[in-house]
Amino acid sequence: MRSNSITSYALVGAQLASAGWVWPSKHDAIEDLYSLQAGVIRHGFIDNVNPCSFNENTKGRQDAAAWVRTAYHDAATHDKEAGTGGLDASILFETDRPENPGTAFNDTFSFFSAHYNGDVQLADLIALGVVTATASCGGPKVPLRVGRVDATEAGRPGVPEPQQDLDTHKSIFAKAGFGTEDMIAMVACGHTLGGVHHEDFPNMNENGNAGETSRFEGNDNDHAFQFDNAVATQYLDGSSENPLVAGHNDTTNSDKRIFGADGNKTMKALSDPEKFKTMCADIFARMIDSVPAGVELTEPIESADLKPYITSLALNSNGTLDFAGRIRVRVTKGVTDRDPEDLAVRLAYTSRDGSKNGTIETTPERLKGGMSSGLFDEVFKWFNFETQIDASTGIKGFTIEMTVPSTGKASVFDNEGTGLYPVQDAILYQKKQSCMDTSTAQASDSFPFTLTAAVRKDQAEAAANMELAFRTPRQGIVIDKLEKKMFPLKKTDKKTPSDEYVLYELQMPLAKSSWSTSMNIVLGQGAGEKRVTRLVTNDLAGVACQPL
Ligand code: HEM
């Protein structure tokens, strides 16, 4: 029987095991990196570690292994009692220490730099790196909590080295909050990927050449390029080629000493493939969640069930508001029962003062099937919208209505019970009236940059600012320094096609080092602050400003 009843989201949500993502969230950017790995809209964070095998351009480099090792070397110097160190990206400043040999760390950061901006912390990217590398190599789902805070300088030294004795290793792990079994599991789970690079440890294999790697799980690609428990089974049956187990110099056989530290109890547990997965997911989560005191991590994130993206809310030449964007709908099999080809989505919006309602139809994205995919078989379908809104009545927010055309079943989503997906129309980003002159004729170290915003007249006394994630390159450090800097916009007396809005403008030379960075537009401050977020300067590169 056809049903046209509207179900409340609370009921539908229970069936969908919704992750409860309230939008907007300060973690939207990292949720995007986690969820949009491939497809029509993608960030491709997984690209360097997919496939899990050796990097085609760098001999002996398994990027998935480098990402996991980077996280460990960052987390290893956590002092649990003192509440210092841990996964805070301080490793960025520690790559010249003898305890951190090799190019793995800087290679990892070079890749991460493309995803690092004012909306994500580098330490969260390192944690996401562990989750992504483990998943890409066929390993378990490592829960990802976010909210880490980046260190601004090097932390204390103390990463374990293979020539140290077992007591030293036990005390290093204990200081970071890990007992003997934890230590064994963490090392074994880490050493399922990669191996020892001859140029980093030339004394371990005098016959090896630079660029060659003695892999922890030997020459069989089925093991070395898989997050599997061969590291444990090979150790237990005596067939291990792990250079830290079977190396000719027993002094550097640290894995042998560690794996045997509890009479092989933990290694025997890890020889069960299912236990290997659960134990590795647990110990990797605890490793990446080792954070300095005062840092509060979220609950493990899941891909959002529904997520809006507003690509434009701007005053147009007719004096109305262009309102455009897209809705991302999770259609993952087994998690939702949604058929991406049997879904219709529309927005029910409420005017600024709540007195007027309207609907906005969406159209399914067709390019590449209109789908994106993430880790753990997550799949999403995109629905686009583009409309005009009366500037005098404006918009306060919307709910999302989803219908299954074949059955007529309809559901309303109200942003996890908060009532609306909120939209503010007090300050608008006038992208078409914003621009950056990148022509090569500009022989200076900056580009002329113009940012225009429309501010609602009843808000026009509040200060408007551009908050820029200013980039400064640093000598010897792969990742630029990012500092949030505020630049004021000035009210103009330029005529606008609407009585509701006045134009504000910022004209400045933008340092070339910062031509491609993230920015927000901020009106007012404190509780009443309004923001247009997740904008990027590079969208304006080479673009001319248009009159309104
Ligand atoms: C006592 C503790 C540990 C010692 C002495 C140790 C030692 C080593 C050594 C000598 C290498 C070779 C590095 C190179 O050639 O550049 C290595 C590689 C590696 N380690 Fe550890 N490790 C320890 C713990 C861990 C832990 C806890 C993890 C992760 C959870 C981990 C993950 C890795 C990975 C993934 C590699 C391979 C890197 C690559 O192939 O590029 N290690 N380790």
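Whatever order the structure lists ligands and atoms in, that order sets their numbers, starting from 1. Computed from a predicted structure; not experimentally measured.
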- Message: For Phe413 together with Tyr421, are the ring centres under 6.0 Å from each other?
- Response: no
- Item | Nearest non-hydrogen protein atom, atom 29 (C) of ligand 1 | Gly190 CA, 3.5 Å
- Quick one: report the N, O or S atom of His191 that is nearest to atom 21 (Fe) of ligand 1. NE2
- Task: Report the part of Glu161 in contact with ligand 1, treating N, CA, C, O as backbone and CB onward as side chain, heavy atoms under 4.0 Å; options are side chain, backbone, both, neither.
- Result: backbone
- Item | Contact atoms of ligand 1, heavy-atom distance to Phe216 under 4.0 Å | 17 (C), 18 (C), 19 (C), 36 (C), 37 (C)
- Could you check if a side-chain atom of Thr537 sits within less than 4.5 angstrom of a side-chain atom of Arg471, using non-hydrogen atoms only? no
- Query: What protein heavy atom sits nearest atom 30 (C) of ligand 1, and how far off is it?
  - Reply: Met186 O, 3.4 Å
- Query: For ligand 1, is there an atom lying under 4.0 Å from some heavy atom of Pro162?
  - Reply: yes
- Message: Show the atoms of ligand 1 that are less than 4.0 angstrom away from any heavy atom in Leu193.
- Response: 35 (C), 37 (C)
- Note on the structure: Closest to atom 25 (C) of ligand 1 by heavy-atom distance, out of Phe54, Tyr72, Phe178, is Tyr72
- Query: Taking non-hydrogen atoms only, is Val196 closer than 4.0 angstrom to ligand 1 via side chain, backbone, both or neither?
  - Reply: both
- Should the pair Phe45 and Phe112 be assigned to parallel (<30°), tilted (30 to 60°) or perpendicular (>60°) ring geometry? parallel
- Query: Do the side chains of Asp88 and Asp150 get nearer than 4.5 Å, heavy atoms only?
  - Reply: no
- For ligand 1, which atoms, with element, lie under 4.0 Å from some heavy atom of His169? 1 (C)
- Under 4.0 Å to a heavy atom of Ser254 - the qualifying atoms of ligand 1, by number: 5 (C)
- Query: For ligand 1, which part of Met287 has a heavy atom less than 4.0 Å away: the side chain, the backbone, both, or neither?
  - Reply: side chain
- Message: Here's one to test your reading of the geometry: is the NZ or CZ of Arg328 within 45 degrees of the ring axis of Phe383 and under 6.0 Å from its centre?
- Response: no
- Message: Under 3.5 Å between any N/O of Arg61 and any N/O of ligand 1: does that happen in this structure?
- Response: yes
- Message: Tell me the protein heavy atom at minimum distance from atom 16 (O) of ligand 1, and give that distance in Å.
- Response: Asp200 OD2, 2.5 Å
- Give the residue and atom name of whichever protein heavy atom lies nearest to atom 15 (O) of ligand 1, and the separation in Å to one decimal. His197 N, 2.6 Å
- Aromatic centroids of Phe111 and Trp67 separated by under 6.0 Å: yes
- Task: Quick one: look at Leu244 and ligand 1, take heavy-atom pairs under 4.0 Å, and tell me if it's side chain, backbone, both or neither.
- Result: side chain
- Query: Using 30° and 60° as the class limits, which term best fits the ring planes of Tyr34 and Phe376: parallel, tilted or perpendicular?
  - Reply: tilted
- Message: Within the supplied structure, the quantity of interest is the number of heavy atoms (other residues, nucleotides, ligands) at a distance under 6.0 Å from Asp377 CG; does it exceed 12?
- Response: no
- Taking only heavy atoms of Phe284, which atoms of ligand 1 are found under 4.0 Å from at least one of them? 30 (C)
- May I ask you to check if Arg330 and Phe380 form a cation-pi contact, with NZ or CZ under 6.0 angstrom from the six-membered ring centre and within 45° of the axis? no
- Query: Less than 4.5 Å apart, any side-chain heavy atom of Ser303 and any of Glu31?
  - Reply: yes
- Message: Within the structure, is a non-hydrogen atom of Gly194 found at a distance of less than 4.0 Å from ligand 1?
- Response: yes
- Message: Run Glu378 and Thr332 through side chain to side chain donor-acceptor pair (under 3.5 Å) and show every step you take.
- Response: CA-CA 5 Å; Glu378 294 284 2; Thr332 310; 2.5 Å; yes
- Going by the 4.0 angstrom heavy-atom rule, the piece of Ile258 near ligand 1 is side chain
- Item | Phe227 side chain reached by Leu193 side chain, heavy atoms, under 4.5 Å | yes
- Query: At a non-hydrogen distance cut-off of under 4.0 Å, which region of Ala104 contacts ligand 1 (side chain, backbone, both, or neither)?
  - Reply: neither
- Task: Would you mind checking which non-hydrogen protein atom is closest to atom 38 (C) of ligand 1, with the distance to 0.1 Å?
- Result: Arg69 CD, 3.6 Å
- Donor-acceptor pair, Asp182 side chain versus Gly179 backbone, under 3.5 Å? yes
